[in-house]
Amino acid sequence: MLKGRPAISITYTTAKRDRPLSAIEVRSAAGDPRRGWLTADGWTVPVALGRGGILANKREGDGGTPRGVFHPRQLWWRADRHRRPVTFLPARPIRREDAWCEDPADRHYNQPVRLDREQGGDRLTREDHLYDFIVEIDHNAAPRIAGRGSAVFLHLARPNFAPTAGCVSMTKASMLRLLRRMSPQTKIIIG
């Protein structure tokens, strides 16, 4: 305080809709374990789940969406198709050589890798739009255990909400709404 002047304090408040989400929940739908609901801050949207439903003991290739509490690591997006979405997450544009290692015998298992044109692998640049926005989550990340599942993402759904290979998928509108409020501290509760 300056001599003779009162101290003035200014407090800035943010609307709840502008703050990161503390948690989102994903639950399977009654009657169809391959479909579900994502709930966050009072709104609920339909999602597609893995063809094996939600599984507590996820294994590579089982088609299950892993049960547990996870956190988003970063957003990957197709910058050649979309502007960078608004998000609290670190964001990385997907390049032509970006892929994900799904081979349990490889030392890069469940990690992003770069492939040249001759190499195979789960490329992130797909002809369809499923991977236009990918939220990488920390499933089987630290420590990585061979065979416990890889490439589990939040991504865009097929038009008919067909089951995924183990991911959680949603419409583009739902994804963009979720991204606006998602941060690395947001808990993703699946189960």
Side-chain angles (χ1 to χ4, degrees), residues 10-29 35-50 54 65-66 68-100 110-114 122-142 150-191:
I10 299 174
T11 303
Y12 293 96
T13 60
T14 57
K16 190 175 179 183
R17 70 179 182 279
D18 296 327
R19 287 184 239 143
L21 292 164
S22 60
I24 63 173
E25 292 187 43
V26 177
R27 304 275 184 236
S28 59
R35 297 251 180 124
W37 299 100
L38 182 148
T39 303
D41 197 31
W43 55 275
T44 301
V45 296
V47 294
L49 302 171
I54 296 175
T65 300
V69 178
F70 308 101
H71 290 89
R73 298 182 87 178
Q74 71 177 331
L75 166 70
W76 299 68
W77 96 98
R78 289 289 300 267
D80 59 326
R81 293 179 175 174
H82 306 279
R83 291 188 325 224
R84 183 186 192 277
V86 175
T87 187
F88 293 102
L89 293 172
R92 177 178 172 174
I94 296 171
R95 295 178 295 257
R96 182 179 310 276
E97 65 273 9
D98 287 330
W100 206 266
N110 197 30
Q111 291 183 320
V113 292
R114 287 183 150 184
D122 188 14
R123 292 192 181 271
L124 302 184
T125 52
R126 296 173 57 119
E127 291 300 316
D128 61 22
H129 293 276
L130 299 184
Y131 283 6
D132 281 9
F133 301 98
I134 302 169
V135 176
E136 175 188 345
I137 67 172
D138 64 358
H139 164 68
N140 195 23
S150 63
V152 177
F153 306 129
L154 306 183
H155 63 74
L156 300 184
R158 290 181 173 85
N160 61 355
F161 278 87
T164 68
C167 298
V168 176
S169 66
M170 65 199 74
T171 65
K172 179 181 171 186
S174 296
M175 174 65 80
L176 294 175
R177 183 175 181 183
L178 187 62
L179 285 173
R180 280 193 294 274
R181 302 275 314 278
M182 191 176 277
S183 81
Q185 288 74 41
T186 302
K187 290 180 186 174
I188 302 169
I189 304 162
I190 301 175

*Asks:* So, does S183 use its side chain to make a donor-acceptor pair with the main chain of F88 at under 3.5 Å?
*Replies:* no
*Asks:* When you measure from the side chain of N110 to the backbone of H139, do you find a donor-acceptor pair of N or O atoms at a distance under 3.5 Å?
*Replies:* yes
*Asks:* Are the side chains of L49 and V26 in contact, using a 4.5 Å heavy-atom criterion?
*Replies:* yes
*Asks:* With a 3.5 Å distance limit and no angle check, can you tell me whether R27 reaches the backbone of I190 through a side-chain donor-acceptor pair?
*Replies:* no
*Asks:* For V45 and S174, which heavy atoms make the closest approach, and how far apart are they?
*Replies:* CG1-OG, 3.4 Å
*Asks:* Using a 3.5 Å distance criterion without hydrogens, assess whether the side chain of R78 forms a donor-acceptor pair with backbone atoms of L124.
*Replies:* no
*Asks:* What is the minimum heavy-atom distance between V135 and P72, and which atoms define it?
*Replies:* CG1-CB, 3.7 Å
*Asks:* Should K172 and D132 count as an ion pair when the cut-off is N to O under 4.0 Å?
*Replies:* no
*Asks:* Knowing that exactly one of I188, I189, D41 qualifies, which makes a side-chain contact (heavy atoms from CB on, under 4.5 Å) with I24?
*Replies:* I188
*Asks:* Ring pair (Phe, Tyr, Trp, His ring centres under 6.0 Å) for W100 and F153? Distances and angles first, verdict last.
*Replies:* CA-CA 11 Å; W100 206 266; F153 306 129; 5.1 Å; yes
*Asks:* Quick check against the 3.5 Å criterion: does T65 have a side-chain atom that pairs as donor or acceptor with the backbone of G166?
*Replies:* yes
*Asks:* For L21 and A40, which heavy atoms make the closest approach, and how far apart are they?
*Replies:* CD1-CB, 3.8 Å
*Asks:* Return the minimal non-hydrogen interatomic distance between R81 and E127, and the atom names on each side.
*Replies:* NH2-O, 3.2 Å
*Asks:* For the ring pair (Phe, Tyr, Trp, His ring centres under 6.0 Å) test, which of Y131, W77, F133 pairs with H155?
*Replies:* Y131
*Asks:* Do side-chain atoms of R35 reach the backbone of P46 as a donor and acceptor pair under 3.5 angstrom?
*Replies:* no
*Asks:* Report yes if some heavy atom in the side chain of R123 is under 4.5 Å from a heavy atom in the side chain of D98; otherwise report no.
*Replies:* no
*Asks:* Using a cut-off of 6.0 Å, state whether more than 12 heavy atoms not belonging to R96 lie near its atom CZ.
*Replies:* no
*Asks:* Just to verify, which of L178, L179, I134 counts as forming a side-chain contact (heavy atoms from CB on, under 4.5 Å) with L154?
*Replies:* L178
*Asks:* Is there a side-chain contact between M170 and V47 (heavy atoms, below 4.5 Å)?
*Replies:* yes
*Asks:* Is any side-chain heavy atom of R84 closer than 4.5 Å to a side-chain heavy atom of L75?
*Replies:* no
*Asks:* What's the verdict on side chain to side chain contact (heavy atoms under 4.5 Å, CB included) for R92 and E136, showing C-alpha distance, side-chain angles and the deciding distance?
*Replies:* CA-CA 11 Å; R92 177 178 172 174; E136 175 188 345; over 6 Å; no
